[in-house]
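If you read the sequence from its start, that first residue is 1, and numbering goes on from there.
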Amino acid sequence: MAFLSNSSSIIYYSFAAGIYACVVAILILALVFGRRARRNVKNEQVTKMPKGFSPLDVQRIFIGKTYPRRLTAALITHWAQMGYIKVEYVTPHTVILKKVKSMPMHYNDKAVFFDRGTYVRDREVFNAAMKKAAYGKPINIHLPLISKAEVTRISNKFAAREDEGVYSSTHYTLKVVTFVLSILPLLLSALLIGALTGMYFMLIMFFMALIGLIVLIFVKGMPILFKAVWCGMWLGVSIGWSIAMWVGLEVNDVLGVIYVAVTILFVGPIVLIRFVDYREKINLDEYSDLINYRKFLFKDAAYELNDEEYYSALPFLYAFNIKWIVGRKFKGVPPPKWYSGDPEGRGRLL
């Protein structure tokens, strides 16, 4: 089908304008709010974090959610520095954790924490990890410290959200707006086909794609293989069918709106939405401290940290994922008191 009249061209360009307006709005939101937190970072040197600061605080402040599975080495070295465990070398990638004492309850005078909520979660993760490491079972520092089931169990014990005090209601409003703007172009392209041909069958494809997208992004408990097949049917088939309809009807899509709509359907909710960040003002100070501390560790740690200070910083080198760069500068540092069984210094933990 080619455009044979001015009216069809007006319809096409009107819908195309709406589709591209959605894309531009998403890019503006990602750019403006994605840089908002970084714009508030104070230009100052931070050489250490407050007493009691945990690697879980890094995740709480940066992303508002705890992923202990990504922090195995960070948490092990943090607990060891706090005196809760001793670590014994087994292989370059595995260690045995020996519990020295329990983490005190948050209302105990001996409890040292920066954030009460993080501390309580940290203690729950610690207890779960000690069960896994019981009876001398080796722990691989590169693998999840606790299972997904344990993560779910721990999360379900808390009524308060982990991101409480980190993000405002505006943050979630922006997330919803970005998600809606990401799916709107595909809906407009379906309506465009109907307006040009009188065939509104593509609307069914849109709702099928929407169901598949929601399952792909928000249904976390579904087995990965089943999710791949299920989303492939609902999302993949509907998207493929929609593009096939455009090609089959020979629409003179000079602006490529169907391809733009399909691209932003995936890129918007999965990638660009991550840049939409609106933090509480009180959290911006903590965020600023973390950014500056990471900058210090990355640039100046080798010149300003002594042996003991290096091991105090080690959990955060792991949390920031820069230990593999910074740690090589401390190869000759003697092992800490909590680490044993590795006379040749072959372990990857230190």
Within a reach of under 6.0 Å around [atom1] of [X], are more than 12 heavy atoms found that belong to other residues, nucleotides or ligands?
X: N306; atom1: CG; answer: yes
X: K329; atom1: NZ; answer: yes
X: F218; atom1: CZ; answer: yes
X: L225; atom1: CG; answer: no
X: F179; atom1: CZ; answer: yes
X: K132; atom1: NZ; answer: yes
X: W230; atom1: CH2; answer: yes
X: Y172; atom1: OH; answer: yes

Listed by chain and number, what are the salt bridge (charged side-chain N to carboxylate O under 4.0 Å, His left out) partners of [X], not counting sequence neighbours?
X: D289; answer: none
X: D57; answer: R60
X: K98; answer: E88
X: R153; answer: E150

Do the side chains of [Y] and [X] get nearer than 4.5 Å, heavy atoms only?
X: L75; Y: F126; result: no
X: S189; Y: W246; result: yes
X: Y311; Y: F330; result: no
X: Y119; Y: M103; result: yes
X: V87; Y: I96; result: no
X: F114; Y: E286; result: yes
X: V260; Y: P185; result: no
X: K42; Y: D285; result: yes

Rounded to the nearest 0.5 Å, how far does [atom2] of [Y] lie from [atom1] of [X]?
X: L349; Y: I139; atom1: CG; atom2: CD1; value: 12.0 Å
X: F62; Y: F320; atom1: CZ; atom2: CZ; value: 5.0 Å
X: L186; Y: F206; atom1: CG; atom2: CZ; value: 6.0 Å
X: I264; Y: L272; atom1: CD1; atom2: CG; value: 5.5 Å
X: M202; Y: M208; atom1: CE; atom2: CE; value: 12.5 Å
X: M130; Y: I85; atom1: CE; atom2: CD1; value: 5.0 Å

So, the side chain of [X] versus the backbone of [Y]: is there a donor-acceptor pair under 3.5 Å, distance only?
X: K227; Y: V219; answer: yes
X: Y20; Y: V257; answer: no
X: N292; Y: S288; answer: yes
X: Y318; Y: H78; answer: no
X: Y339; Y: L350; answer: no
X: K86; Y: V100; answer: no

For the residue pair [X] and [Y], what are the closest heavy atoms and their distance?
X: E304; Y: Q45; answer: OE2-NE2, 3.6 Å
X: Y12; Y: G256; answer: OH-N, 3.8 Å
X: E308; Y: Q81; answer: OE2-NE2, 3.5 Å
X: S182; Y: G268; answer: OG-CA, 3.4 Å
X: C231; Y: G212; answer: SG-O, 3.6 Å
X: I193; Y: M245; answer: CG2-CE, 4.4 Å

Quiz prompt | Qualifying residue, where the test is side-chain contact (heavy atoms from CB on, under 4.5 Å) with L305 and the options are L297, T47, D300 | solution = L297
Self-check item: V24: which of I28, I26, L27 passes side-chain contact (heavy atoms from CB on, under 4.5 Å)
Solution: I28
Exercise. Give the C-alpha distance, both sets of side-chain angles, the deciding distance and a yes or no for ring pair (Phe, Tyr, Trp, His ring centres under 6.0 Å) between F53 and Y293.
Key: CA-CA 12 Å; F53 202 92; Y293 184 52; 8.2 Å; no
Honestly curious: do [X] and [Y] fall in one hydrophobic cluster under the side-chain, below-4.5 Å linking rule?
X: M105; Y: L56; value: no
X: L203; Y: L235; value: yes
X: V229; Y: I211; value: yes
X: F266; Y: I243; value: yes
X: Y310; Y: I325; value: yes

Quiz item: Given I239 and L265, is the side chain to side chain contact (heavy atoms under 4.5 Å, CB included) satisfied, shown in steps?
Solution: CA-CA 10 Å; I239 292 298; L265 179 72; 3.5 Å; yes
Exercise. Taking side-chain hydrogen bond (donor to acceptor under 3.5 Å, both in side chains) as the test, write out the residues that go with T178, two or more places apart.
Key: none
Exercise. Please identify each residue that fulfils side-chain hydrogen bond (donor to acceptor under 3.5 Å, both in side chains) with K99, with sequence neighbours left out.
Key: S102
Quiz item: F33 vs Y278 aromatic rings, parallel, tilted or perpendicular, using cut-offs 30° and 60°?
Solution: tilted
Practice problem: Apply the test side chain to side chain contact (heavy atoms under 4.5 Å, CB included) to residues V276 and V177: give CA-CA distance (whole Å), side-chain angles for both, the deciding distance (0.1 Å), then the verdict. | Solution: CA-CA 10 Å; V276 179; V177 169; over 6 Å; no
